[in-house]
Amino acid sequence: MDPFDLTGRVAIVTGGNGGLGLGMARGLARAGAEIAIAARDEAKSQAAVAELSALTSRCRFYALQVSSADSCREMVERAVKDFNRCDILINNAGMNIRKLPEQLSEHEWREVIDTNLGGAMFCAQAVQPHMKAAGRGKIVNIGSMYSVFGAPTVAAYSASKGGLVALTRSLACAWAPDNIQVNAILPGWLDTDLTRRARQQIDGLHDYVLSRTPAGRWGEPDDMAGAAVFLSSAASDFVTGTTLAIDGGYSARG
């Protein structure tokens, strides 16, 4: 039996319509999982559904405002009703507002925290009863290397991602008796819409990342697929409360 086989499993991927989320959704679909894409942009999501439908037997889109606990609960209930189960939750939806700390408004601070940290908590709360009833479950929170490092213009973002790592450990401890494993992936510098904007805003970022990364390249969204499959499969049944960096060695270099 292949411990990485996800045939018959259902995965909810928040923010799964592009970037890292779509890269992980592709990996899960290729491993056999059916996919529920939860996001805001319907047109973008339907394009992702069309792509993923060529890789898996079922893929559907569900509208989600991830900062709303009600929206998270409604999305999960709709997905479970349609798929009859939820085995995997990938908490990937997130955002950033790149400003110096003294320039952040209260609204901007709360928006980043509520989206990146609150959304992960609300979605996890929503899937937990279903996973508990099934006797197993996998929750994968997508953090950031900014949960480890700091930078002048990511105060809210790094705080949210650092909080997500702490939340991961707490949920892992709380739900281990229910056979629910909760882990986090910390992406490094991968080529996405968000990091392309960062390269436009920060002079020299592209060359700095290349010089700092032992792998000698920027990552691609599909580089997330293997870790997502591992942490969503039986291969990781004794792995919980941990973080896995996908950064080409960036964090290893002093």
Side-chain angles (χ1 to χ4, degrees), residues 14-15 18-21 23-24 66-67 90-105 108-121 124 139-172 182-228 230-231 239-254:
T14 71
L20 305 186
M24 289 183 286
V66 74
S67 60
I90 309 290
N91 274 317
N92 169 74
M95 64 169 297
N96 187 18
I97 297 174
R98 192 173 293 278
K99 288 185 176 182
L100 291 169
E102 63 270 24
Q103 297 171 344
L104 279 169
S105 69
E108 289 168 334
W109 170 266
R110 294 187 183 280
E111 185 178 15
V112 173
I113 298 295
D114 289 350
T115 298
N116 297 355
L117 183 55
M121 177 61 173
I139 298 174
V140 183
N141 296 323
I142 308 307
S144 166
M145 291 313 299
Y146 278 128
S147 65
V148 179
F149 300 114
T153 58
V154 293
Y157 183 80
S158 62
S160 70
K161 295 300 188 177
L164 190 58
V165 170
L167 177 65
T168 297
R169 293 175 180 141
S170 292
L171 296 182
V182 187
N183 293 286
I185 297 175
L186 307 186
W189 287 104
L190 279 74
D191 186 24
T192 66
D193 290 342
L194 285 175
T195 59
R196 288 184 204 117
R197 286 198 293 272
R199 277 173 273 180
Q200 293 172 354
Q201 296 168 344
I202 304 172
D203 291 338
L205 176 62
H206 177 75
D207 291 337
Y208 172 75
V209 169
L210 288 180
S211 68
R212 165 90 190 228
T213 304
R217 66 175 177 88
W218 282 68
E220 298 293 336
D222 283 356
D223 287 320
M224 296 283 287
F230 167 60
L231 293 175
V239 179
T240 197
T242 193
T243 58
L244 177 59
I246 308 297
D247 67 351
Y250 183 96
S251 57
R253 174 163 285 171

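For reference, positions follow the sequence shown, starting with 1.
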>> Quick check against the 3.5 Å criterion: does Thr14 have a side-chain atom that pairs as donor or acceptor with the backbone of Asn92?
In response: yes
>> Quick one: does any side-chain atom of Thr115 pair with a main-chain N or O of Gly94 as donor and acceptor, under 3.5 Å?
In response: no
> Of all residues at least two apart in sequence or in a different chain, which pass the salt bridge (Lys or Arg N to Asp or Glu O under 4.0 Å) check with Asp193?
Replying inline: Arg196
> Taking only residues at least two apart or on different chains, which pairs with a member in residues 91-100 satisfy salt bridge (charged side-chain N to carboxylate O under 4.0 Å, His left out)?
Replying inline: Lys99-Glu108
> Would a distance-only check, ignoring hydrogens and angles, find a side-chain to backbone donor-acceptor pair under 3.5 Å from Asn183 to Thr242?
Replying inline: yes
>> Checking the side chain of Thr192 only, and the main-chain atoms of Thr195 only, is there a donor and an acceptor separated by less than 3.5 Å?
In response: yes
>> For the CG atom of Leu117 and the CG atom of Leu167, what is their distance to the nearest 0.5 Å?
In response: 6.0 Å
>> Once you measure the plane-to-plane angle for His206 and Trp218, does it fall in the parallel (<30°), tilted (30-60°) or perpendicular (>60°) bin?
In response: parallel
>> Run the salt bridge (Lys or Arg N to Asp or Glu O under 4.0 Å) test against Asp222 and tell me which residues pass, sequence neighbours left out.
In response: Arg26
>> Is the shortest side-chain heavy-atom distance between Leu164 and Ser147 below 4.5 Å?
In response: no
> Would Arg212 and Asp247 pass as an ion pair if we require N to O under 4.0 Å?
Replying inline: no
> Any donor and acceptor pair, going by atom type alone, linking the side chain of Arg217 with main-chain N or O of Gly248 inside 3.5 Å?
Replying inline: no
>> Any side-chain to backbone donor/acceptor pair from Asn116 onto Met95? Under 3.5 Å, distance only.
In response: yes
